[in-house]
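All remarks here apply to the structure that follows.
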Amino acid sequence: MKIIIIFSLIVLTVSLGSCSLDNYDGPNASLTGSIIDTETDELIQQELFQGSTIEYTELGYKNPQVQTLRFKTDGTFANLIMFAGKYTIQAVRGNFLATPLDTIQIKGNTEYIFKTIPYLRIKDSKVVLSSDSTQIIATFKIENIVNKPIKQIGLFIDQSSFVGTQINEVKKEVTVNSLGSSSKVYTLSFFTDELKKGKSYYVRIGALANIPESKYNWVTAVKIQL
Amino acid sequence: MKTIQNIILSLALISLFGCNESFLNLQPTNKVSADALFASEAGIKAFMANLYYQLPIEDFNFRQEMGFNYNPANANNGGMSTWTADDNGVSASGSWIVSSNNMGYTWWDQAYKLNRDINLLFSVIPTLNVNDETKRSLTGEASFMRAYTYFALARRYGGVPIITDLVPVTDTLGLYTPRSTEKATWDFVLASCDSAAKYLGDGDGLKRRATKWTAFALKSRAALHAASVAKYWNLSPFSGTAVDAQLVGLQSEDANGYYVQCISACDSIMNSGKFGLYMPLPANPDEAAINYQAIFETPDNAIEEVIFMKDFVLTGPGYGSNQDNWGNPNQTKGTWPHPGRYNPTLDLVDQYESYSNPGKSSPIVTTTDGSLNYGPYDSKKTYLQFNSPLDIFKDKDARLHATVILPMSIWKNTKIIIQGGLIRPNGTILQGDASVTVDGVKYYTFGASSPQFYSGFSSFGYNMTMTGFLFRKFLNQKYVPIQMWNQSTTPWIDFRFAEILLNYAEAVVESNQGDAVKAAKCINDLRRRAAHTTDIALTLENVLRERRVELVYENFRYWDLVRTRTFHTVFNSTRRHALVPVFDLRSMKYIFYRDNISMGNVPETFSPKWYYKPITGIGSNKLIQNPQY
């Protein structure tokens, strides 16, 4: 009996002694930032779902996987649970010229700003409800920065402020397929009879450049009360 | 003392058995060695049967999210199928474009297991104790299977490792074969088809095993896919490491070469004189509809059109299929608890031509203003009135009537009641489970008094159509479903002559090679079989429409959308649509309205990265992953 107890104690001590808490730090760093238009110093607007992608890879491992992060609708981004370390980072497949592959050190609260040129800028935009409340009318101009044809323009309407190509109760996309000119005024309108009276809707104007893997360029969504 | 005795005894016993090396050389008694298997004709046939079973045939049991041969003891995936995962159909219980593509079934491991078995077959054929003719035939079958395997891999992944030798397990370097380019992979598929055609003959006429013509048919399908990817790559181009290494991507200059290979493969089949359309000259549309439906219900009676088919002889786990269970209307469900799950969309029904207006799709018009917009019933509009719901479809292509159960049509001697509401005598619409009494007669919103008597629009059990249409093609008119899985035994036609005509026509119109007059005859022969009497011109639009309505639900739509890079524009926050019959109590006639599907139909988007599937095991197989995974 005594032998059994002593034996068990020996086994226990040995097995517990071989356990140690893993000695890696938890994710205690964060990465925040934004994407800025170098010419106007303004945020480049994005959409949350199926929008532009931030690719980052943690260095120091044999087969590092590329991880992705999304921008918020206003063009900022944040990942508050990151492991400290050295990373490559790049913004790709978006509504802007892809940023160069950069290497950064992430430690504590790190900030990173992408500086690049958007494909298109939507200017002089206005979204109004017609006087008889039957239509939502959007007018705007497009500044074509990279001189590639404008593929299409779109008006997206939803009750959520996250309105975009994936989140929309209704949408209207019109093919343009031309370089356009900076003075041309585009108009997109939508009849309100398909929407619910008394609710407020977010209406967002977008323009898509005809470049492989490009995404819509945006202006801020406008809230309209029906 | 006793402890030391025990220790010595144990040590003695351990050393006694530990030294018995021959223990490791015992042969397993539950496996057959290759020598034994291939020594007899029955053994060879059993091996071949297993290979045919492993082929990536997208038949009744193929599910985008579950893989091939999905007929286990409990085959319950809610009634989703390939028929509910594109714009031709939805399920009454959900919407599945995203899930089909995101659920991760990618057929990588099974593909290379099949590939190894095929390589084993190749290595063993010269040693078999059979005559030369049989050896040639087996070599041809092995080439066909190799072509089929790499075709299924190429259209999912682009370029893949091409492994044609049996790699011994001790050869670690050989295990890390890198991916070939997408072009080299397609060229390998087509070359394997050529090899198969060289070694195979006409076969035994039963069409259950590969023949020279099966090889050409596969070649025409594969070449058309490669040609389309080359031609339409720029509609959704990719960037990244896999693209730089050309593991995915084809050059537009390569398109013509592939179209020409498709044309030549189709020509071989068409010129052989061994195939034709079943009942090519019907007397009228009613006959045409019966003939078309008969092809799929009993393929053996239409054997002149079949090039390759797969049987389901037994029922039960691992044997039968489930389309009669999920697909039957609620009224003819037998004792199966969840019918009506396959709902053809209005988007499909709109595609069919009308006999009086040939050469273009004839969308269903429901109002006097001819609008094709979608929305709820609007009392301010003037709706067209019909004595019977069938009248609105009267002039439409026979294949619509053979593919889809239309409201109030007869199926299994039962009038299938599909109705979505009543217009009250005061002109307002009544929907949901309710009734109205007029002149002492009670009328019901769903067309009959209780669920066992109707098949549409009620949310009862998710057993009623949400689109206004139900499934007809492939269903067995003589079979009454019971509450058991895998009971359907209808054979699956994998290649038929109609596809060859359509592949030829598309390759000709896309490339301007081949014989344009012959190509026009191809689509018009198919239309003539559907009782059309006016020929139409050879245009891409006409060819694609003809392809869509002739081959609907034969598992072409998904790949047609992929190879033409139109999936992401067809499915960009897209809803599918319903046609709702409503009984107007003011006129005692039927009206219809076109609407978004009300239940379980969310806007769906096809993400362009799904044009290629992710390769599994990337961390350990040292391969380059496909873009954006």
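Just so you know, these numbers use all the heavy atoms, side chains as well, and skip hydrogens, waters and symmetry mates.
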Chain B contact via [X] - which portion, at a heavy-atom distance below 4.5 Å:
| X | result |
| --- | --- |
| A:Lys171 | side chain |
| A:Gln67 | neither |
| A:Glu55 | neither |
| A:Gln166 | both |

When rounded to the nearest 0.5 Å, the distance separating CZ of A:Arg93 from OG of B:Ser239 is 6.0 Å

Rounded to the nearest 0.5 angstrom, the CD-OH distance for A:Gln65 and B:Tyr629 is 14.0 Å

Exercise. Does any non-hydrogen side-chain atom of B:Gln628 lie less than 4.5 Å from one of A:Glu213?
Worked result: yes

Which region of [X], side chain (C-beta onward) or backbone (N, CA, C, O), has a non-hydrogen atom less than 4.5 Å from a non-hydrogen atom of chain A, or is it both or neither?
| X | value |
| --- | --- |
| B:Pro608 | neither |
| B:Ser236 | neither |
| B:Asn572 | both |

Nearest heavy-atom approach of B:Ser573 to A:Asn168 is OG-ND2, 3.5 Å

With a sphere of 6.0 Å drawn around [atom1] of [X], does it hold more than 12 non-hydrogen atoms of other residues, nucleotides or ligands?
| X | atom1 | result |
| --- | --- | --- |
| A:Lys196 | NZ | no |
| A:Ile81 | CD1 | no |
| A:Gln135 | CD | yes |

